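Please read the structure below before turning to the comments.
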Number of protein chains: 2
Amino acid sequence: MKIIVADDHHIVRQGLLALIQTARVGSIIADVDSGEKAWQHILRHEPDIAILDITMGEVSGLSVCQRIKARGLKTRVILLTMHSDIKVIDNALEAGAHGYLPKSDAFHSLIKAIHTVHTGGQYISDSHQSELQSYRNNKTDFELTIREKEVIHHIALGQTNKEIGKALFISAKTVDAHRTRVMKKLGFKKTAQLVRFAIEQGLSL
Amino acid sequence: MKIIVADDHHIVRQGLLALIQTARVGSIIADVDSGEKAWQHILRHEPDIAILDITMGEVSGLSVCQRIKARGLKTRVILLTMHSDIKVIDNALEAGAHGYLPKSDAFHSLIKAIHTVHTGGQYISDSHQSELQSYRNNKTDFELTIREKEVIHHIALGQTNKEIGKALFISAKTVDAHRTRVMKKLGFKKTAQLVRFAIEQGLSL
DNA sequence: AGATAAATAGGGTATTTCCCCTATATCGGC
DNA sequence: GCCGATATAGGGGAAATACCCTATTTATCT
């Protein structure tokens, strides 16, 4: 079994190499530190399995995964992440990943994932599986309306509902309604989380 | 040389163990997956070196580092992070870290860091060193105490005063006092502004 | 020794957030 | 013409905040 490992963190690559060697589960034909290098290598050698970190500089593991799917290559993909966010897992599987593994997971999970994926199956940990199920069942479209984004923008600037109301020529109560709806959509409970989201999504400019 | 490794990602721990064993640079007496466990272990066994991830669940490596400094333990700390943000490095060193290492750094950097730190030196990569110099030269001193930064960190995570109090073993009223003092120092009036500040200043890790 | 700063924590109050509810008007799609 | 989504807005209440105050302890500096 030919395996390629891609992660921008040298220590993580070392860990993966050590684990895979110990388990004698296959041979690593390459370990690279970027999505772009991974893609070049996969295109040329079409390995059996690609273990890709999601967050890697310019070309993410997700992006490489989509390219593999688009080209119809036989390489099967296991995506790795730091935090096991259910939204990210959903994205990963929709991008065509055959397996999903949080970095916090232990040795045997990795080996199990490699085996499962190689024999044509899909690997997700049991706990994530059930979580994903319920997430997909009641995932109400996460898209925010223009007005909602506008309100978030003002919230991230540190304005109160009253101030935002004045700025947008609506009542503070309406602002509160928008705010509450957004919170519900995103599953947040505090303004702080919303501000963080706004900054990360570029809604605060 | 006794070394403890703390990182919530199993694969990263494996990588560190493999590297340290290969280099025969010391013996790892423990590897744990949380800041709390690390702190308990360090308190009891006072190892020579603690290699701590900064971002670990509730108790960060930064926080463990501060505790070690406060207790005057001989354990020397090397902090690890994903992204080499200069603000985070500055925070880490001010928190009492003896070394700073991005996870993307290679084998020899880790070994060099361990050696340097063990012999009483401070390790940062050369490129980061010069960057840090210029950053510190023109950073406008906001004069926040370590405790205040710690509180801000939790606020930016979206925790309430009550929750922060529990996490830091102080009353919610004290958290409120810190919060109010920071607001006054920085001229803020809302949590949102504080969250923005924390993210921009790299205090949110 | 005295001053200063930091961390602790309580009392009190006004404001704000968070979240439940109902209700109306508008607009686009089927 | 009706349905669903969006935007509007109000009632109400529990929780959290922002900000005023005082006060003690510990540590550091002069």
Side-chain angles (χ1 to χ4, degrees), chain A residues 138-199 203-204, chain B residues 59 62-63 65-73 91 94-96 141-198 203-204:
Chain A
N138 48 346
K139 95 167 163 180
T140 42
D141 212 352
F142 267 70
E143 270 156 57
L144 300 178
T145 66
I146 295 171
R147 200 55 158 173
E148 285 168 348
K149 285 179 187 169
E150 215 166 359
V151 170
I152 291 180
H153 162 64
H154 285 275
I155 290 172
L157 290 178
Q159 294 183 286
T160 64
N161 288 340
K162 210 187 280 180
E163 288 167 341
I164 298 169
K166 264 184 194 165
L168 299 180
F169 303 107
I170 54 178
S171 119
K173 254 319 198 183
T174 305
V175 176
D176 188 46
H178 285 302
R179 181 184 214 132
T180 303
R181 216 170 311 115
V182 169
M183 294 289 219
K184 210 166 192 175
K185 274 187 186 176
L186 300 176
F188 294 160
K189 290 185 182 298
K190 305 260 85 188
T191 304
Q193 298 170 299
L194 204 56
V195 174
R196 189 176 267 275
F197 173 82
I199 293 172
L203 265 48
S204 64
Chain B
V59 181
L62 225 55
S63 163
C65 185
Q66 285 163 350
R67 294 183 195 179
I68 290 171
K69 196 185 180 188
R71 282 275 182 127
L73 302 178
N91 276 333
E94 283 198 350
D141 205 354
F142 290 109
E143 296 193 13
L144 296 180
T145 66
I146 293 172
R147 199 54 159 172
E148 284 167 349
K149 286 180 189 170
E150 214 167 358
V151 170
I152 292 180
H153 160 66
H154 286 274
I155 291 172
L157 289 179
Q159 294 182 285
T160 64
N161 288 339
K162 210 186 280 181
E163 288 167 341
I164 298 169
K166 264 183 192 163
L168 300 180
F169 305 106
I170 55 178
S171 118
K173 248 329 200 177
T174 305
V175 177
D176 186 50
H178 284 303
R179 183 181 212 134
T180 303
R181 216 171 307 115
V182 169
M183 294 288 217
K184 212 166 191 175
K185 275 186 185 176
L186 301 175
F188 293 160
K189 292 186 179 297
K190 306 260 85 186
T191 305
Q193 298 171 299
L194 206 53
V195 174
R196 179 179 279 272
F197 173 82
L203 264 46
S204 66

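Because the structure is predicted, anything quoted here is derived from the model rather than measured.
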Provide a list of protein-nucleic acid N or O atom pairs under 3.5 angstrom, restricted to nucleotides 25-30 of chain C.
none

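- Proximity of Thr191(B) to the phosphate of dT17(C): no side-chain N or O atom is located under 4.0 Å from OP1 or OP2.
- For residues 159-172 of chain B, proximity to DNA chain C is found at Ile170(B), Ser171(B), defined as any non-hydrogen atom under 4.0 angstrom from a strand atom.
- Under the salt bridge (Lys or Arg N to Asp or Glu O under 4.0 Å) criterion, Arg147(B) pairs with Glu150(B), not counting sequence neighbours.
- Arg179(B) comes within 4.0 angstrom of sugar-phosphate atoms only, judged by non-hydrogen atoms across all strands, and of no base.
- Of all heavy-atom pairs spanning Leu168(A) and Val151(A), the tightest one is CD1-CG2, 4.1 Å.
- Between the NE2 atom of His178(B) and the C1' atom of dA5(C) there is a distance of 13 Å, rounded to whole Å.
- Gly96(B) and Cys65(B) get closest at one heavy-atom pair: C-SG, 3.5 Å.
- Between the C1' atom of dA5(C) and the CZ atom of Arg181(B) lies a distance of 10 Å, rounded to the nearest Å.
- By the salt bridge (Lys or Arg N to Asp or Glu O under 4.0 Å) test, Arg179(A) pairs with no residue at all, sequence neighbours left out.
- Every salt bridge (Lys or Arg N to Asp or Glu O under 4.0 Å) that Glu148(A) has, sequence neighbours left out, goes to Arg181(A), Lys185(A).
- With rounding to the nearest 0.5 Å, the separation of CD1 in Ile152(B) from CG in Leu157(B) is 12.0 Å.
- Between Ile155(A) and Val195(A), the closest heavy-atom pair is O-CG2, 4.4 Å.
- For Gln66(B) and dA7(C), the CD to C1' distance is 14 Å, given to the nearest whole Å.
- Applying the side chain to side chain contact (heavy atoms under 4.5 Å, CB included) test to Lys69(B) and every residue at least two apart in sequence or in another chain returns nothing.
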Fill in: Stepwise side-chain contact (heavy atoms from CB on, under 4.5 Å) test for Val182(A) and Leu194(A)
CA-CA 9 Å; Val182(A) 169; Leu194(A) 204 56; 3.7 Å; yes
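- Annotation: side chain to side chain contact (heavy atoms under 4.5 Å, CB included) contacts of Lys166(A) (sequence neighbours excluded): none.
- Think of the region where chain A sits on DNA chain D: with heavy atoms and a 4.0 Å cut, that region ends 5' and 3' at dT6(D) to dA16(D).
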Which atom pairs link the protein and nucleotides 20-23 of chain C when you take only N or O atoms and keep those under 3.5 Å?
none

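- Comparing the local axis fitted to the first five base pairs of the helix from dA9(C)-dT22(D) to dC30(C)-dG1(D) with the one fitted to its last five gives a bend of 40°, rounded to 10°.
- Thr174(B) comes within contact range of at least one nucleobase, with a heavy-atom separation under 4.0 Å.
- For Gln159(B), the side chain to side chain donor-acceptor pair (under 3.5 Å) partners are His154(B), not counting sequence neighbours.
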Side-chain donor/acceptor pairs under 3.5 Å, residues 169-177 of chain A, sequence neighbours excluded:
unit_1: Ser171(A); atom_1: OG; unit_2: Lys173(A); atom_2: N; d: 2.8
unit_1: Ser171(A); atom_1: OG; unit_2: Thr174(A); atom_2: N; d: 3.3

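- Distance CD1 (Ile152(B)) to P (dA7(C)): 12 Å, rounded to an integer number of Å.
- Taking every heavy atom of both residues into account, Ala156(B) and Ala192(A) meet most closely at O-CB, 4.3 Å.
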Worksheet entry | Intermediate values then yes/no, side-chain contact (heavy atoms from CB on, under 4.5 Å), Lys190(B) and Thr191(A) | CA-CA 10 Å; Lys190(B) 306 260 85 186; Thr191(A) 304; over 6 Å; no
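- Remark: His178(B) NE2 to Thr145(B) OG1 distance equals 6.5 Å, nearest 0.5 Å.
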